[in-house]
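To keep things clear, I will list the structure first and then write my remarks on it.
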Amino acid sequence: MNRLNPIRTATYQDILDAPAGMIAQIVSGALYTQPRPASPHALAESHLSALLISAFNLGITGPGGWTILVEPELHLEPSEIYVPDLAGWRRETMPEFEIAPYFTTRPDWVCEILSPSTRRYDLTTKRDTYARQGVSHLWFVDPEARTLEAFSLQEGSWRLDGAWAQAAEICTAPFEALPFELSLLWPKETDDT
């Protein structure tokens, strides 16, 4: 369950003191903690990261040129410490990998996998911060609805590049070099007949 800390101005120490096994973030100055995600969320995150890391980090199935990480800790603004599900930096943005407990270089792409405990602030506060900080691309994956929405930053505002559902083929920025079927992110349907 997502818990809002009653202390309105949380600090990095609150993140460090969060219970083991919890994801801790500071959103609008407040500490939010939540347990590890449920299995549909974890599957979507695992499969999407496998596809993108193979193609864009490692250059095995695609062009390379990126650093993509699962659940990096981002310090983008003094009162905002986020742990997006996935984030990526073009090699031009982060030419050398930062060896640090967290990242201060803004990513070029962020993917938030929506869950009941994070949906509200993923779609509002975090989305607004990503725009203010100049993140170029933002994806929202919803395992419950089996959808993916992709946005690009245009003159400081998010523009919807596309929305896909179920088993649609995805081919969108910034990873248009690797089309993939959206159904790869969902649990396989069982046939009870």
Side-chain angles (χ1 to χ4, degrees), residues 9-18 22-34 36-37 41 44-114 118 121-141 148-161 172-178:
T9 45
T11 67
Y12 190 58
Q13 189 61 48
D14 295 314
I15 298 262
L16 297 175
D17 293 340
M22 299 293 277
I23 297 172
Q25 303 183 81
I26 297 176
V27 180
S28 298
L31 178 68
Y32 284 82
T33 60
Q34 74 242 16
R36 305 300 309 165
H41 182 289
E45 179 180 65
S46 297
H47 287 191
L48 184 57
S49 64
L51 288 166
L52 296 178
I53 288 170
S54 177
F56 296 96
N57 264 38
L58 303 175
I60 294 170
T61 59
W66 285 76
T67 297
I68 296 171
L69 298 174
V70 176
E71 298 180 2
E73 185 175 310
L74 304 178
H75 291 224
L76 301 178
E77 293 181 358
S79 64
E80 308 294 310
I81 298 175
Y82 298 159
V83 180
D85 294 289
L86 296 161
W89 295 259
R90 295 180 192 273
R91 295 273 161 77
E92 298 82 30
T93 302
M94 189 168 56
E96 291 190 30
F97 186 74
E98 296 176 13
I99 306 297
Y102 51 81
F103 295 88
T104 57
T105 301
R106 79 128 175 91
D108 295 294
W109 168 80
V110 167
C111 178
E112 295 287 2
I113 300 176
L114 303 176
T118 64
Y121 58 80
D122 283 345
L123 294 173
T124 57
T125 307
K126 290 175 76 174
R127 176 183 166 144
D128 294 345
T129 300
Y130 294 143
R132 270 194 315 277
Q133 291 302 315
V135 173
S136 301
H137 300 276
L138 176 61
W139 288 9
F140 290 115
V141 173
L148 184 152
E149 292 181 310
F151 296 85
S152 60
L153 193 63
Q154 303 291 323
E155 299 177 8
S157 297
W158 292 114
R159 183 194 76 200
L160 179 65
D161 293 331
T172 191
F175 303 118
E176 60 272 12
L178 179 74

> Which of these passes side-chain contact (heavy atoms from CB on, under 4.5 Å) with Trp66: Ile53, Leu58, Thr93, Asp108?
Replying inline: Asp108
> Trp139 pairs by side-chain contact (heavy atoms from CB on, under 4.5 Å) with which of Ile113, Val110, Thr172, Asp85?
Replying inline: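 Result: among Ile113, Val110, Thr172, Asp85, Thr172 is the only option passing the side-chain contact (heavy atoms from CB on, under 4.5 Å) with Trp139.
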So, taking the atom named [atom1] in [X] and the one named [atom2] in [Y], what distance separates them when rounded to the nearest 0.5 Å?
X      : Y      : atom1 : atom2 : answer
Phe151 : His137 : CZ    : NE2   : 13.0 Å
Glu77  : Tyr82  : CD    : OH    : 6.5 Å
Met22  : Leu31  : CE    : CG    : 9.5 Å
Leu76  : Gln133 : CG    : CD    : 5.5 Å
Glu98  : Glu96  : CD    : CD    : 10.0 Å
Tyr32  : Asp14  : OH    : CG    : 14.0 Å

Side-chain donor or acceptor of [X] paired with backbone N/O of [Y] under 3.5 Å:
X      : Y      : value
Trp158 : Ser152 : no
Ser54  : Leu51  : no
Glu73  : Val83  : no

>> Is there a side-chain contact (heavy atoms from CB on, under 4.5 Å) between Tyr130 and Arg106? Walk through the geometry before answering.
In response: CA-CA 8 Å; Tyr130 294 143; Arg106 79 128 175 91; over 6 Å; no
> Are Arg90 and Phe56 in a cation-pi setup, meaning NZ or CZ lies under 6.0 angstrom from the ring centre and within 45 degrees of the ring axis?
Replying inline: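 Cation-pi check for Arg90 and Phe56: fails.
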Search all heavy atoms of [X] against all heavy atoms of [Y] and return the closest pair with its distance.
X     : Y     : value
Ser79 : Ile26 : O-CG2, 3.2 Å
Pro72 : Pro84 : O-CD, 3.2 Å
Ser49 : Val70 : CB-CG2, 3.6 Å

>> Before you tell me yes or no, could you show the steps for Glu80 and Thr125 under side-chain contact (heavy atoms from CB on, under 4.5 Å), namely the whole-Å CA-CA distance, both residues' side-chain angles and the distance that decides it to 0.1 Å?
In response: CA-CA 9 Å; Glu80 308 294 310; Thr125 307; 3.8 Å; yes
> Do Thr129 and Arg132 meet the criterion of a side-chain donor-acceptor pair at a distance under 3.5 Å?
Replying inline: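 Short answer, yes.
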>> Distance alone, cut at 3.5 Å: any donor-acceptor contact between the side chains of Tyr121 and Glu112?
In response: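 Short answer, no.
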Do the non-hydrogen side-chain atoms of [X] and [Y] ever get within less than 4.5 Å of each other?
X      : Y      : result
Arg91  : Thr67  : yes
Val141 : Leu114 : no
Asn57  : Leu52  : no

> How far apart are the C-alpha atoms of Tyr102 and Leu74, what are their side-chain angles, what is the distance that settles it, and do they pass the side-chain contact (heavy atoms from CB on, under 4.5 Å) test?
Replying inline: CA-CA 6 Å; Tyr102 51 81; Leu74 304 178; over 6 Å; no
> In terms of side-chain geometry, is the basic nitrogen of Asp161 or Arg159 positioned less than 4.0 Å from the acidic oxygen of its partner?
Replying inline: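 Here Asp161 pairs with Arg159 in a salt bridge, since their nearest N and O are under 4.0 Å apart.
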> Stepwise, does the side-chain contact (heavy atoms from CB on, under 4.5 Å) test hold for Leu69 with Leu86?
Replying inline: CA-CA 6 Å; Leu69 298 174; Leu86 296 161; over 6 Å; no
> Going through the checks in order, is the ring pair (Phe, Tyr, Trp, His ring centres under 6.0 Å) test met by Phe97 and Trp89?
Replying inline: CA-CA 10 Å; Phe97 186 74; Trp89 295 259; 8.0 Å; no
